[in-house]
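Because only heavy atoms are used, hydrogens play no part in the values below, and waters and symmetry mates are left out as well, while side chains stay in. Indexing begins at 1, ligand by ligand and atom by atom, following the structure's order. Because the structure is predicted, anything quoted here is derived from the model rather than measured.
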Amino acid sequence: MSVGVLALQGASAAHVAAFARLGVDAREVRAPRDLDGLSHLVLPGGESTTIHRLLELFGLRAPLVERFRSGDLRLFGVCAGAILLGRENGLRPPRLGLLDGDVERNAYGRQVDSFTRPLHAEVDGLGGLRGVFIRAPKLGALGDGVRVLARDGADPVLVEAPGVLAATFHPELSGSDAVHARFLAREVDHQPDALRVV
Ligand code: GLN
C-alpha cells in the first residue's frame with residue numbers, strides 16, 4: 001500500500017497526520033511522478049476551483065483520472081475533493097466525474113454557516129462520528145452503485161462506490177480516524193466498468 005495526499009492547495013497536513021496515527025507514512029502529491037506506485041490518494045478540502053486549476057496546471061488531472069480508471073488507484077475526496085470527484089453538472093468547477101453522484105457546492109451557505117454535528121452511521125465501525133462541515137457541499141442524486149455510509153439527518157454525507165470514498169465533512173478534523181481507516185482497509189482493485197457515470 002502506498003498512500004498520498006494531494007497537496008496543491010487546502011488541508012493536506014491533517015490527512016498526513018491521520019494516516020501517521022494509523023501507522024501509515026503518507027506522501028504529499030504535487031506532480032504527476034508523485035502518483036507512481038500510489039494505491040490510495042486523498043483529494044483534500046480547500047477551494048475546489050483553485051484545486052481544479054492547479055490539477056490542470058501541474059498536469060495531474062489526466063494521469064489521476066487514468067490511474068483511477070485503470071483500477072489501481074483508490075480515491076478519497078473530502079469536501080472540495082468530493083466536489084471535484086462528482087458528476088459533471090455544467091457548473092464551475094468542472095468535475096472529474098469519478099463518483100456517480102451530484103455534489104452541490106456551498107449548499108449550506110456562507111463560511112459563517114459552518115457547523116459540527118453528530119452523524120448517523122449506516123455501517124459498523126463508524127459509530128460516534130462527528131461531522132465538521134466547513135462551507136460544505138451537499139450530495140444530491142446518487143447512482144445505484146453508491147452506498148451511503150453516514151448521514152447528517154436525512155442527508156448522505158459519507159458515501160462509497162467502487163474505488164471511491166467521498167465525505168462532505170472533514171473526517172481529518174473530527175477526532176476520529178475511523179474514516180481514514182476504512183479508506184485504507186478497502187480493496188484497491190476496483191472495476192471502473194461498474195461505474196456508470198453519466
Ligand atoms: N466551499 C469550498 C468549495 O466550494 C469547499 C470547502 C471545503 O473544502 N471545506 O470548494
* Structure fact -> Looking only at protein heavy atoms, what sits closest to atom 7 (C) of ligand 1 is Cys79 SG, 2.8 Å
* Main-chain N/O of Arg30 paired to Glu28 side chain as donor or acceptor, under 3.5 Å -> no
* Does any N or O in the side chain of Ser114 come within less than 3.5 Å of the main-chain N or O of Arg135, such that one atom is a donor and the other an acceptor? -> yes
* Aromatic rings Phe115 and Phe133: how do their planes relate, parallel, tilted or perpendicular, breaks at 30° and 60°? ->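 Because their plane-to-plane angle is under 30°, the rings of Phe115 and Phe133 count as parallel.
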* Hey, can you tell me if His180 and Phe19 have their rings parallel, tilted or perpendicular (30° and 60° cut-offs)? =>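 His180 vs Phe19 ring planes: perpendicular.
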Could you tell me whether some N/O pair between [X] and ligand 1 is separated by less than 3.5 angstrom?
{"X": "Gly45", "answer": "no"}
{"X": "Arg105", "answer": "yes"}
{"X": "Ile134", "answer": "yes"}

* Run down the list Ala107, Ser48, Pro44 and name the one with the heavy atom closest to atom 10 (O) of ligand 1. => Ser48
* Pick, from Ala80, Gly46, Pro137, the option with the minimum heavy-atom distance to atom 2 (C) of ligand 1. => Gly46
Hey, are [Y] and [X] close enough side-chain-wise for a donor-acceptor pair under 3.5 Å?
{"X": "Ser39", "Y": "Arg74", "result": "no"}
{"X": "Arg95", "Y": "Ser48", "result": "no"}
{"X": "Thr116", "Y": "Arg130", "result": "yes"}

* To do: Using a strict 4.0 Å cut-off to heavy atoms of Ile83, name the atoms of ligand 1 that fall inside it.
  =>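 Close to Ile83: 3 (C), 4 (O), 10 (O).
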* To do: Taking only heavy atoms of Asn106 into account, list the atoms of ligand 1 that are under 4.0 Å away from them.
  =>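 Every atom of ligand 1 under 4.0 Å from some heavy atom of Asn106: 1 (N), 2 (C), 4 (O).
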* Quick one: does Gln111 get within less than 4.0 Å of ligand 1, heavy atoms only? -> no
* Taking heavy atoms and a distance under 4.0 Å, where does Ile51 meet ligand 1: side chain, backbone, both or neither? ->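 Under 4.0 Å from ligand 1, Ile51 contributes no heavy atoms.
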